[in-house]
Every structure is written in structure tokens, then in C-alpha cells.
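Below you'll find the structure, written out as C-alpha cells, and then a few comments.
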2 protein chains.
Amino acid sequence: MRTAIDEILNPSCATCKELNKLFCGLSISDRDIFSQNKRKNIYKKGQVIYYEGNYPQGLFCIYSGKIKISTIGRKGKEQIVKFKGRGEVLGYRALLNDEPYNATATAISDCEVCHISKNTFLETLEKSKNLSLNTIRLLSNDLKESEQKLINLSQKPVKERVAEALLLLKKHFGLEKDGKTIEVNLTRREIGEIAGITTETTIRILSELSKEKILRLTDKKISIMNLQQLVKIGNNNSNI
Amino acid sequence: MRTAIDEILNPSCATCKELNKLFCGLSISDRDIFSQNKRKNIYKKGQVIYYEGNYPQGLFCIYSGKIKISTIGRKGKEQIVKFKGRGEVLGYRALLNDEPYNATATAISDCEVCHISKNTFLETLEKSKNLSLNTIRLLSNDLKESEQKLINLSQKPVKERVAEALLLLKKHFGLEKDGKTIEVNLTRREIGEIAGITTETTIRILSELSKEKILRLTDKKISIMNLQQLVKIGNNNSNI
DNA sequence: TTGGACTTATGATATAAATCATTGCAATAC
DNA sequence: GTATTGCAATGATTTATATCATAAGTCCAA
């Protein structure tokens, strides 16, 4: 019988189910298979969950914490591809293609991450209609985001890209109780890595947005004082 | 009974099956359902198969010809996202998400394109394990290409992007019998739209590559005289 | 508590690529 | 046969952003 201690050490996948778009709608028995074949691991801020180029051994599920997915581009410059938070799954693209990861996953806060073995996942995928339909939904949504980002990143000037990066952070991490401050601590360099621009340019754009009263910068925290205007600058189609 | 005329007017999906990654491995009965619920249409070069922003009514399958997928970015500038050829399927991302197309599909040569209705596809997807696993493979492969393109497009200088665009064309459309000339006619503007750069810059880069004896430019045709060098410039990871 | 390693900040300079402008050429229309 | 349009080609100019340089503030470790 499962005790409260068990639940803390290795939480049941049922606990996560509302958060997790991949496993929702799965049968009890399928969820039990996942619960029994996974382990929860701890990653400290800055630690790496998986490295670009390595082969996936399974699927990762975030139980708590925040993770960035990034790759090394030109001249060793890091490019942040996306963020993942509580309840989200990572590493499935590489797992499904049976290919090396093409990006590195790094904890940007302390994290608890479950790991489901490759065989467990792939066998269940073969059996479960719901799981494969959920996977299709997840992938096609990722594809949409990636294709949209492609256009944005290659065609928008830096100010719009920074605005967009901030909106992305807001969408993904939410706001503090004040309803204005983005609930994440990132350096200027990391924000630049989302927008694909240099640190110096990022700093300049941020202070420009601050002078325009669109943002307020306090310590590492960024508060959105004029969301409407920021959205207008980012003029982005979806990340409000 | 199907006659030869039937086959020309509305070819059986069985005919395409080796080419088509989505339908391969499907049961006879599933393939018959597709065969019976589709129509083959003709599109002349330059005609549009579907428009960005419109809702999908079904799935398109290329029986013959070449199609470009593009979107309108900044300042009305067109960005070519990818190409599709014989046997390939298009429009599934939007169909699966039940969202508007986020790009426009245009014939770049005369085409025959089959159309399978939305319901037929989605119902079969619910029923057929093979179809959903194939869909997953297709999507995860698209996702990989899109994520890779993201890094390339945003970080590489124009010369590398042009080299890459040419390699992409070679991969997708192949070479003529001489083993050097790319089997497609595109304007300089269109090549620029693949690489995300202006027409003038494209022309300059192409003539530079021509001076370096890497390319030979004759009329609209582009011949790759030094593939090794072109790959080195594109230093791309996968599109050889 | 001092030194080192980051991070923010800002100015000066360099540079890649866009934009603007012109010309010639080939294909198509009148 | 001439006008018109679209594309290739190239030069001159502009502009956005990267790069280089410096300084001050902050965090952490020894």
C-alpha cells in the first residue's frame, strides 16, 4: 500500500494528471504502469537534465520547478529555444525519432523531475489510443510554436523580439501577486538568448522600454507596467 | 470495378503508398476508405492550394508536382518555410490542431493534388494505430527540421544561409542527369525568400559563389560544381 | 574584507545586410 | 515593331545591430 512518504518520494502519476497534457485521459492501468516505472530525481538550479547530442533513455516529466531548453549556435552562443514548467513533459521529440537530443535541458530553479523509461513509454504508446492522440496534439502544438518562432526570430527587429520574449516569459511563468512582475529571475544575458541578440543590445532595449514606462526594472525583476503597449510592440499573434 | 480511366482520374491511394510516409502500413480497408473519400484536383503553376488564415477542410496529398509553403512576414515580405513534393502530405498540422493554416501553399509547378476530407482523416486516425504512429513520426520529424531551421536562420550569416538553401533544394528536388544542376526553376527572389534575405543580397551571394567556382549559373538553372565546398560553407548538420 | 568573477550599464566604432537607384536584358503584350 | 513588365546585376548609401572598451555595482568565496 502507498503511504504518504511514498507519495513524496515518488508521487503517483495520477497526482499530476490535470497538469499533464500527455497523460490526461489515460486509463488507470496505463497510469499505474507509468507510476511504477518511473523515478523522481532532484536537480538543483543550474544542473543539466540532458545534454544536446546524447541519446534519450526515456521521458522526463516536471513535477516542480522550471527548465530551459537551449542549444549552442554560432560562435558558442547559447540560444534558448523554450521553457518548460510544472506538469510539462520533455525529451519526447528525440525519443520518438530515436535520435540524439538536439538541445540541452537545464534547471533554472530547483526542480523535481520524474523519469519514465523509454520502453515503458514506447510500449504504452503502441497500446494506448489516448496516449498517441495526446502525443499528436502535443507535437502539432510544438510544431506550430516552432514555426511561428521561425518567422518572428528571423524577421523582427530586436525591440519586437525582446517584447515578445517578455510576453513569452509572462505566459510561461505568470505574474506575482501584484499582477505586473514576471515570476522568474533571469539575467539580461539569458533574456538576450531567448530573443537571439547580444547582452548589450538587450540591456539597451530594456532600459529604453523602461524609459518609455512600459517596463519597470527593479533588481533582477521585470514588471510590465503597460501590457497593451508591450503587446503592440511585440505585435505577436498568440502569446498574450 | 475500377478501370484504367478511373485510376487516372482518381488514382487509388494504394498507388502512392510507397511514397507516402503517412499512409504506409495502413490496412487495405483503411486505404480503401481514403481512396473512396478523396478527389484529385489540378493546380497550375502559381495557383494556391490553401491560404494562410483559412481553416482546413481536409488533408492534401501531392500526386505529382512541387509546392512551396510560405508565409507573409514583416512588411509583406514572403518567407518560404518549406517545400513539398510527390507523395508528401500537407496541411495536417492545422487540421490536427483544428486551427487556421499558418502558411500558404502555392504550386511552383503544375500539380495534381488529392484532397481527403477532414472527417475521413480524423475518424481513421481515431481507429488506426498505424496511422496515428505514422502521424507522430511525421510531426516529430517536422518539429526537428523546424527547430534546426530556427537556429540556422537566426544565427547564420547570409552566405551560409544561401548555401543551405541550395542544399535544401538539392535534397528536395534532386539533380538533373548531369549530377550537378538542381532540378527546379526558382527566381533569385524566391531563393532569397528561403534564406530570409533580400533579392539583391541573394544575387550578390550567388555571383560570389559563382566566382569562387562553387556554382555555375546558366539561365535560371543553378549547378553545384563543388558540393564539398558548398556543404562546408553551409556547414549544416543534415541536409546533404 | 579583500579579491575575483559576474552582471549591469553606456559610449564609440565597426560591419553586415537592407535599401535605394540605375541599367540592361529577355519575355510578353499591344 | 515597339512598348511594357519582370528579372538579373551592380554600385552607392543607410541603418540596425554586433563588437570592443570601460566603469561601476553586486555577489560569493577564500
Side-chain angles (χ1 to χ4, degrees), chain A residues 44-46 73-80 106 108-109 151-166 182 184-212 215-223 233-234, chain B residues 44-46 73-80 106 108 151-166 182 184-212 215-223 233:
Chain A
K44 291 271 172 199
K45 179 177 174 174
R74 272 196 88 60
K75 297 176 77 177
K77 225 161 107 180
E78 194 173 336
Q79 168 76 47
I80 294 178
T106 312
I108 57 171
S109 71
I151 310 299
N152 292 339
L153 213 64
S154 65
Q155 300 203 341
K156 285 188 179 178
V158 291
K159 191 169 180 181
E160 299 182 20
R161 286 195 251 167
V162 169
E164 219 196 323
L166 295 173
I182 297 170
V184 69
N185 271 333
L186 295 175
T187 65
R188 306 291 138 116
R189 184 160 65 82
E190 283 173 310
I191 293 171
E193 284 163 1
I194 306 168
I197 60 180
T198 60
T199 311
E200 296 95 318
T201 303
T202 310
I203 290 169
R204 279 182 250 263
I205 301 281
L206 285 178
S207 74
E208 192 183 322
L209 288 168
S210 167
K211 274 182 203 122
E212 293 168 13
L215 300 179
R216 176 175 298 155
L217 309 171
T218 30
D219 294 328
K220 308 247 147 175
K221 289 290 187 178
I222 296 175
S223 310
I233 292 171
Chain B
K44 291 273 173 196
K45 179 178 175 174
R74 274 196 87 60
K75 297 176 75 178
K77 225 162 106 180
E78 193 173 337
Q79 169 76 46
I80 293 178
T106 311
I108 57 170
I151 310 300
N152 292 339
L153 211 65
S154 65
Q155 299 202 342
K156 284 188 180 178
V158 291
K159 192 169 179 180
E160 298 182 21
R161 285 197 252 166
V162 169
E164 219 196 323
L166 294 173
I182 298 170
V184 69
N185 272 332
L186 293 176
T187 65
R188 306 292 138 116
R189 184 159 66 83
E190 283 174 309
I191 293 170
E193 284 163 2
I194 306 169
I197 60 180
T198 60
T199 311
E200 295 95 318
T201 303
T202 311
I203 290 169
R204 280 183 251 262
I205 301 283
L206 285 177
S207 74
E208 192 184 322
L209 288 169
S210 167
K211 274 182 203 121
E212 293 168 13
L215 300 179
R216 176 176 298 155
L217 309 172
T218 30
D219 294 328
K220 308 247 147 174
K221 289 290 187 178
I222 296 175
S223 310
I233 292 171

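Each chain gets a letter, A, B and so on, in the order its sequence line appears, and its residues count up from 1.
- Considering CZ of R188(B) and OG1 of T202(B), their distance stands at 9.0 Å, rounded to 0.5 Å.
- A straight line from CD of E200(A) to P of dA24(D) spans 18 Å, rounded to a whole angstrom.
- A donor N or O paired with an acceptor N or O is not found under 3.5 Å between the base of dT10(D) and the side-chain atoms of R188(B).
- Phosphate contact (OP1/OP2 of dA18(D), side-chain N/O of T201(A), threshold under 4.0 Å): present.
- Side-chain proximity of T187(B) to the nucleotides dT10(D), dA8(D), dT17(D) is greatest for dA8(D).
- Atom pair Q155(A):CD and dT19(C):C1' shows a separation of 16 Å (rounding to whole Å applied).
- When distances are taken from the side chain of I203(B) to each of dT10(C), dA8(D), dA18(D), the shortest belongs to dA8(D).
- Within the nucleic acid shown, T199(A) has no heavy atom closer than 4.0 Å to any nucleic acid atom.
- One atom, CD of E193(B), and another, P of dA17(C), lie 18 Å apart when rounded to the nearest Å.
- In this structure, CD1 of I197(A) is placed 12 Å from P of dT19(D), rounded to the nearest angstrom.
- Annotation: the span from E200(B) atom CD to I205(B) atom CD1 amounts to 12.5 Å, rounded to 0.5 Å.
- A straight line from CD1 of I205(B) to C1' of dA8(D) spans 15 Å, rounded to a whole angstrom.
- Residue T198(B) places at least one side-chain N or O under 4.0 Å from the OP1 or OP2 atom of dA18(C).
- Atom C1' of nucleotide dA8(D) and atom CD of E190(B) are separated by 14 Å, given to the nearest angstrom.
- In terms of modelled atom types and a separation under 3.5 Å, the side chain of K77(B) and the main chain of T198(B) share no donor-acceptor contact.
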TODO: For salt bridge (charged side-chain N to carboxylate O under 4.0 Å, His left out), just list the numbers for R204(A) and E208(A), CA-CA rounded to whole Å, side-chain angles, deciding distance to a tenth of an Å, and then say yes or no.
DONE: CA-CA 6 Å; R204(A) 279 182 250 263; E208(A) 192 183 322; over 6 Å; no
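- Nearest nucleotide to the side chain of R204(A), out of dT10(D), dC20(D), dT7(C): dC20(D).
- Remark: P of dT7(C) and CG of L206(A) are 15 Å apart, rounded to the nearest angstrom.
- Set against dA18(D), dT10(D), dT7(C), the side chain of S207(B) has dT10(D) as its closest nucleotide.
- Rounded to a whole Å, the CD1 atom of I191(A) is 19 Å from the P atom of dC6(C).
- In this structure, CG in L209(A) is found 8.5 Å from CG in L217(A), a value given to the nearest 0.5 Å.
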